[in-house]
Structures are given as structure tokens and as C-alpha cells.
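Report on the following structure.
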Amino acid sequence: MSLGYYPGCALRGTSKEYDISLRKGNDALGVPMPEVDDWNCCGASAGHMTHHKLTIALNVRNLALAEAQGFDDILAPCPLCSKALIAAQQEVKEKPALKDEILSIIEMPYEGKVQVLNYLQVVEKYYREILPGKVKHVFGNLKAACYYGCVLVRPPKLLQFDDAERPTSMEGIVNLLGFQTVDWAMKVECCGGGLTLSRADIVVKLCRDLLRDAKAAGADFIVAACPMCHANLDLRQSGIAKRYEERYGMPIVYLSELIGIAIGMRPADLPFEKHLVTVSLFR
Amino acid sequence: MAGTITRLDSSFADEMSELAGFRMKDCYQCGKCTAGCPTSYLMDFPIHQVMLLTLQGRREELLRSTAIWLCVSCETCTTRCPKECKPSVVMDMLRAIAVEEGTLNKHEKYIIQFHKSFLKTVEMFGRVYEVGMLADYKVRTVTLMQDLILGGRMFTKGKINLFPDKIKGIKTVKKLFDRYSNW
């Protein structure tokens, strides 16, 4: 089995923490994962919200590249990317005419063989056997609220991953890493996603609801596996303090960073300095 | 405009059923979609009403609604629909038609401009270029001061790249934009 890496734009820019920690964990666990060469943007919210066929086409190019480079699986750590890739795969499977049209423009063959995986699926499939022997179990008293957000689990018919309303796969991994998890009501609620710049007021409201619930459930930190979820929850806590006069100081930690901590990396080895809310839990 | 019934389009429900891949008339207005919608509290037409207006052929009002732009595509509606309708896909299709025809809501111009500025940099480089996108968005919306401090903090933390990341296959990406986008 060969696993390729489709980082996506967010992990190259505003969410570098996710990329850096993911690569470090991967190296430490000895899982080879070369990057898909010359990948393009999946279109993100802007694409699928306004230009359906363009978004399909952009992602068919990515899938065709991955296939040509010989990958069986590709990891798309951003759930928006992985959903867009899977949606494109599905659509051209159902619409051969559209597939031919797109392939004639990109001038590449595409058979539809590559499997797109989110980060949780890669942990399950590629890390699961290695991880237990590597976990140090140092922070067993810390409680995590596992946050899935939207498109990691929705729409379920398309993604075929975990339970859309009460998913538990992330808790399974976080427990395996030696942390406790809390039960909370809002783990699949939306953070406001791509409205972060254009309608920050909405994002501030939705993230405040999430933080309040996680805190009430007794969480010491929130675990995220989506760059948009992380960015909104981390960046908007100052806006929440201003608007609601509530200071959460809730660390938002990527699952990839948590894996690093669990297998014995020092906090200084991980990109916590890029977070806006200080992460000082793992000292 | 919201509140005034404009021209009806009797074939709109069929057109939408075809585009979205389910029968619009299967919707029985239970409201479960709206109950789970995170932004319905701000919409002129909450999602169950969008479904009804589509069925009634009130095309113009829908294309000019704030609802289609305030939808965050969280997919909760489609996930929960007891009739297996796909309201989130209806939203995608309504936005696509509004963009194609240029019938855009004026109140939510910031959201629309964000999408435009975002895609513009993808067309130029093949990947998002945040500085370029932000500059384009801020100039066109005249919101230079908004989030200035936050942007500065992100920059000092190395979260914003100064230079774009241009792909080798940019010509192919441009061809895709020429074929499938009119922005």
C-alpha cells in the first residue's frame, strides 16, 4: 500500500501547525508519505458554494495526479479538501460525460482507483499497530473534548465514515494516546467555517457556543482535526472575550500535535508557538 | 426582494430536482433542516422555506436572498432530512445560478466578494495566496481596519506566507477556470 499526502492550501499557510506536527509524527512513527506533486487547491468553500463543475474539475486533476504518481491512498487532512475530493470522485463515476469533458481539458487519464482518507482514517489504518507501543502515558489526568465539526462526518452517505450525529472514532484515538475524553453535546456542530473573514460576527457566536459547552463538560482542551475549526476556535477567542465578556483561554490542539506529545515529543518540538491561545498543558 | 412575490417559474422545481438529484416535491416541510441549521437565525428564508419557495417556483426571490449566502454548507440539513432530500445541494445550485446570472444579494456582498477574491488567487496560482486574497478582498469591500490586529498577530506567528505558491500545471488550472467560471 502506498500513501500519498495532499496537504491542501490551509496546511501550507494559516494552519501550518497541522502540517508540521503531522509530518513530524509521521516521521517518528516511520510511515512514508510523499506529497502528491503539483496538487492544486480543492476550491474550498468558495469553489463548491459558487462553481460546482469547476470544483469537480479541480479535484479530478488532483485525483488524476495522485493516480499517475502511483498512490493507492491519499491523506487529505483538511476535511473540506477530503470531502471535495470524494465528491468529485463520486460525481465523475456517476456522470461519464462530465468525466470525459474534464479529462479532455486536463489531458490526463483517470480511472478512479485512489482512495481518499481523512486524518482519523490514516491514524486507524497506518498508525494503529505502531502507536500503542510508542505512547508514554504521561498526561492521563488531562481531559479532551474531541471536536469533529461538520464535513469530517457529513454528509454521511458520501463520506461513509463514523456516525454523523455521535461519532466516537476521535475519542478512541485520544484515549489510546493516554488522555481522558469528555462527553459533550456539540462535537458535530458548526464553527462558522469559511465565514471567518466575511462574517466574523457569526463565527464568534458559533465558537462561543462551542467553547461554553466544552468548558461546561469539564474539558481542559479541545482536539481538532480540521484547519477551519482550529483557526476559528483559536483565533476568535479574543473576539469572544470582547463581545461576550467571557474569557475561555481554551487551548485548541490538533490531533497531530497530540500524537506528538503522546509519543514523547517535547512541547518545544511542536509548533505550539503558532497558536494564539497559549498551550501550556503538556509541560 | 423578500416579502414581495415576483414572477413565478413553474419549471423551477423540476429544474432543481434534476440539478440536485432528488425530487423537490418529496419535501413535506417538517422543518427538521431549519431546526439544525446554525445560521437560520439570520436568514431571510430559513432552509425549509427555501425548499418550499423552490417548489413554488419563486426563483427570483431565492436568487436574491441572503439565505443562500449565509448558509455555511455544514451539511446538517442533508444529513438529517427524513425524506432524503438534499437541501444543502439546493443551496449550492441556487448560488451557482445566482453567480452565473449575476443576480446577487446586495446585503451579503462581503461574503460574495470573499468567495471571488479567494477563487481569483486559485486561478492565478493554482493554490490560495492569502496575502493576495486579503488585499483584493479588503480593497473591494473597504474593510481595511477590520481584523487588522488579528491579521498582524497571525503574520508575526508565521501563519501568512508573503509569496504565492505557484504550481507547474497552472495552465491547466486556468483552462478549467476559462471553461467553468465566469468570474
Side-chain angles (χ1 to χ4, degrees), chain A residues 9-10 12-17 37-41 43-58 61 65 83 101-102 105-108 149-151 153-157 164-165 188-190 192-195 197-200 202 206 231 235-236 238-239 273-276, chain B residues 19 38-39 42 69-76 78-80 84 86 88 91-93 95-96 98-99 108 110-119 122 125-128 130 134 137 141 146-147 149-150 153-154 157-161 165 167-170 172-173 175-177 179-181 183:
Chain A
C9 302
R12 278 300 186 84
T14 46
S15 304
K16 282 179 188 153
E17 309 94 297
D37 184 45
D38 211 41
W39 57 269
N40 56 259
C41 172
S45 297
H48 87 85
M49 283 180 136
T50 63
H51 291 80
H52 182 69
K53 279 191 185 169
L54 172 68
T55 308
I56 302 293
L58 286 170
R61 179 176 180 272
L65 284 172
K83 183 199 140 198
E101 185 183 300
I102 294 169
I105 304 173
I106 65 172
E107 297 173 341
M108 285 180 82
C150 302
V151 292
V153 289
R154 289 193 295 264
K157 280 213 179 69
E165 299 288 352
V188 294
E189 296 295 323
C190 181
L195 292 180
L197 205 68
S198 48
R199 284 298 298 265
I202 297 176
L206 297 177
L235 302 178
R236 293 295 175 192
S238 52
E273 83 284 353
K274 292 194 184 296
H275 292 225
L276 260 68
Chain B
L19 283 171
T39 50
L42 291 163
W69 299 107
L70 290 166
C71 161
V72 274
S73 290
C74 72
E75 306 278 1
T76 306
T78 297
T79 301
R80 293 183 181 166
E84 300 192 4
K86 300 171 187 168
S88 60
M91 286 296 207
D92 274 348
M93 297 305 156
R95 282 184 291 255
V99 164
E108 297 307 335
Y110 290 179
I111 298 176
I112 298 167
Q113 185 56 52
F114 174 80
H115 294 325
K116 256 188 185 173
S117 301
F118 187 100
L119 288 179
V122 177
F125 306 109
R127 293 177 188 169
V128 172
E130 283 120 354
L134 280 169
Y137 173 79
T141 54
Q146 196 187 314
D147 284 334
I149 297 168
L150 188 62
R153 288 184 72 195
M154 287 173 73
K157 288 192 175 276
K159 282 171 160 284
I160 297 173
N161 298 323
D165 198 1
I167 66 165
K168 290 174 277 178
I170 186 64
T172 308
V173 168
K175 271 194 241 170
L176 295 175
F177 273 86
R179 177 72 177 77
Y180 297 119
S181 165
W183 264 357

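Worth knowing before you read on, the calculation uses all heavy atoms, side chains too, and leaves out hydrogens, waters and symmetry mates. Note on naming: letters A, B, ... go to the chains in the order of the sequence lines (proteins, then strands), and numbering restarts at 1 for each one.
The greatest number of non-hydrogen atom pairs below 4.5 Å with chain B, out of P155(A), G194(A), G43(A), is found for P155(A). The residue among V122(B), L119(B), T172(B), I170(B) with the most heavy atom pairs within less than 4.5 Å of chain A is L119(B). Among A164(A), A57(A), G193(A), the residue making the largest number of heavy-atom pairs under 4.5 Å with chain B is A57(A). Taking C74(B), A96(B), S73(B), G126(B) one by one and counting their heavy-atom pairs under 4.5 Å with chain A, the maximum is reached by C74(B). The greatest number of non-hydrogen atom pairs below 4.5 Å with chain A, out of Q146(B), K116(B), K86(B), K175(B), is found for K175(B). Here E101(A) is the residue among H275(A), E101(A), E107(A), E17(A) with the most heavy-atom pairs under 4.5 Å with chain B. When T141(B), I149(B), T76(B) are compared by the number of non-hydrogen pairs under 4.5 Å with chain A, T76(B) comes out ahead. For the options A10(A), P156(A), G13(A), heavy-atom pairs under 4.5 Å to chain B are most numerous at G13(A). Of the residues considered (V173(B), N161(B), L42(B)), N161(B) shows the highest number of contacts with chain A, using heavy-atom pairs under 4.5 Å. Chain A forms more heavy-atom pairs under 4.5 Å with one residue of E84(B), K157(B), E130(B), R179(B) than with any other, namely K157(B).
With rounding to the nearest 0.5 Å, the separation of OG1 in T50(A) from CZ in R95(B) is 8.5 Å. Put simply, SG on C9(A) and CZ on R127(B) are 7.0 Å apart, with the number rounded to the nearest 0.5 Å. Atom OH of Y180(B) is separated from atom CD1 of I56(A) by 10.0 Å, given to the nearest 0.5 angstrom. We find the OG-CG distance between S198(A) and L70(B) to be 9.5 Å, quoted to the nearest 0.5 Å. From M154(B), atom CE reaches atom CG of L276(A) across 8.0 Å, with rounding to the nearest 0.5 Å. For the atom pair I111(B) CD1 and L195(A) CG, the distance stands at 5.0 Å (nearest 0.5 Å).
Side-chain contact between V72(B) and I202(A): absent, with no pair of heavy atoms (C-beta onward) separated by less than 4.5 Å. Proximity of H51(A) to H115(B): side-chain heavy atoms (C-beta onward) are nowhere separated by under 4.5 Å.
Both the backbone and the side chain of K53(A) come within contact range of chain B, each with at least one heavy atom under 4.5 Å from a heavy atom of that chain. Contacts between R236(A) and chain B at a heavy-atom distance below 4.5 Å involve the side chain alone, from C-beta outward. Contacts between F125(B) and chain A at a heavy-atom distance below 4.5 Å are absent for every atom of the residue. Of the atoms belonging to L176(B), heavy atoms from both backbone and side chain fall under 4.5 Å from chain A. Contacts of T39(B) with chain A are made by side-chain atoms alone, with heavy-atom separations under 4.5 Å and no backbone atom involved. Of the atoms belonging to L206(A), it is side-chain heavy atoms, and not backbone ones, that fall under 4.5 Å from chain B. If you measure heavy-atom distances from Q113(B) to chain A, you find no contacts under 4.5 Å at all. Both the backbone and the side chain of V128(B) come within contact range of chain A, with heavy atoms under 4.5 Å apart.
Between the side chain of R154(A) and the main chain of T79(B), no donor-acceptor pair closer than 3.5 Å is present. Put simply, the side chain of D38(A) never gets that close to the backbone of I167(B): no donor and acceptor are under 3.5 Å apart.
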Stepwise side-chain contact (heavy atoms from CB on, under 4.5 Å) test for W183(B) and L54(A): CA-CA 12 Å; W183(B) 264 357; L54(A) 172 68; over 6 Å; no
| query | Does the pair S45(A) and F114(B) meet the rule for a side-chain contact (heavy atoms from CB on, under 4.5 Å), with working shown? | reply | CA-CA 10 Å; S45(A) 297; F114(B) 174 80; 5.9 Å; no
**OP:** Kindly indicate, with the supporting measurements, whether the criterion side-chain contact (heavy atoms from CB on, under 4.5 Å) is fulfilled by M49(A) and M91(B).
**Re:** CA-CA 8 Å; M49(A) 283 180 136; M91(B) 286 296 207; over 6 Å; no
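Both the sub-6.0 Å distance and the 45° axial angle are not jointly satisfied by R199(A) relative to the ring of W69(B).
H52(A) and D92(B) share no side-chain donor-acceptor pair at under 3.5 Å.
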